[in-house]
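First the structure, in the form of structure tokens, and then the observations on it.
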Amino acid sequence: LVPFGTQCTGAWDRGSVSLAWAASVTTPVSSDQDGNVGSVFVVGDVLVEESRGCSATQLLAQAKVGGLGTISGLNGFYLGCLVDPNGEVALATDLLGYFPLYYAIVSDRIFFASSPGLIKQLADAHFEPSPFGIAGVLLTMHIVDGQTIWKGIYRLSGGSMLHVHPQKGLSVVSGRRLEPSCRFFGLSLN
């Protein structure tokens with residue numbers, strides 16, 4: 001990746017997973033590992049109630065307590081990647097999906113980025129326009145069912161996780177959802 005003047009780059013390798021990343025010099029990027037749980041790479045900030053250490057340490061602690069599926073849907077603004085000792089990979093987003101996670105599968109590789117344009121550049125593949133994705137954006141002003149305006153490039157919804165299993169393949173796991181509630185209606189503003 002060729003950085004702009006305001007970006008830094010790096011690489012992160014764990015087993016069969018290799019990540020090359022570029023981020024703004026002010027963006028928090030962290031990693032941590034535990035032999036039993038796996039290795040974690042985080043771009044952004046994970047905000048947990050009892051914050052101890054960097055975001056990767058917090059995500060690793062969350063996975064240690066609740067398992068692979070608990071790294072998505074946390075408070076903050078982050079993209080998290082966890083590679084467990086069995087080779088399973090999880091890509092997770094924050095609860096509201098503020099940190100966009102776009103992904104595409106080209107050949108036997110998964111490309112992910114915070115922009116579909118970056119995937120188009122990095123994947124070195126041709127992506128045709130998606131009539132369904134374009135109609136969804138024009139009619140609702142939102143991405144519908146994860147389909148972007150490009151066929152084969154998807155956006156993970158907030159609080160969800162992209163799970164890659166060596167034998168079972170790829171699946172999207174819906175995460176924690178915000179439940180509508182009227183519990184605060186009628187309360188005084190004082």
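Side chains are part of it too, since the values below use all heavy atoms of this structure and drop only hydrogens, waters and symmetry mates.
- Side-chain atoms of D145 never come within 3.5 Å of backbone atoms of Q147 as a donor-acceptor pair (strictly under, hydrogens ignored).
- Contact of the L74 side chain with the L47 side chain is not registered, since no non-hydrogen atoms from C-beta on lie closer than 4.5 Å.
- Within the 4.5 Å cutoff, no side-chain heavy atoms of S30 are placed close to those of T57.
- Residues K151 and P131 have side chains in contact (heavy-atom distance under 4.5 Å, counting atoms from C-beta outward).
- Cluster annotation: W12 and L79 are assigned to the same hydrophobic cluster (Ile/Leu/Val/Met/Phe/Trp/Tyr, side-chain heavy-atom contacts under 4.5 Å, transitive).
- Looking only at side-chain heavy atoms (C-beta outward), L82 and V89 stay at 4.5 Å or farther from each other.
- Under the 4.5 Å side-chain heavy-atom criterion for ILVMFWY residues, no single connected hydrophobic cluster contains both F132 and Y103.
- Side chains of E88 and V164 form no contact here, defined as non-hydrogen atoms less than 4.5 Å apart.
- Applying the salt bridge (charged side-chain N to carboxylate O under 4.0 Å, His left out) criterion to D13, with sequence neighbours excluded, gives no partner residue.
- Using a distance-only test at 3.5 Å, with no hydrogens or angles considered, a donor-acceptor pair links the side chain of T148 to the main chain of I153.
- Considering all non-hydrogen atoms of both residues, P85 and V37 come closest at CD-O, 3.2 Å.
- Side chains of I119 and F127 form a contact here, defined as non-hydrogen atoms less than 4.5 Å apart.
- Shortest non-hydrogen contact noted between Y78 and N75 is CE2-O, 4.1 Å.
- Following chains of ILVMFWY side-chain contacts shorter than 4.5 Å, one cannot reach V144 starting from I149, and the two form parts of different hydrophobic clusters.
- The shortest side-chain heavy-atom distance between L91 and L101 falls under the 4.5 Å cut-off.
- The side-chain heavy atoms of Y102 and P100, taken from C-beta on, include a pair separated by under 4.5 Å.
- Of all heavy-atom pairs spanning A90 and M161, the tightest one is CB-SD, 3.5 Å.
- With hydrogens and angles ignored, the 3.5 Å screen pairs a side-chain donor or acceptor of S55 with a backbone N or O of V46.
- In terms of hydrophobic clustering, with Ile, Leu, Val, Met, Phe, Trp and Tyr side chains grouped at heavy-atom distances under 4.5 Å, V172 and I110 are assigned to a common cluster.
- Aromatic rings from F99 and F77 are positioned such that their centres are separated by under 6.0 Å.
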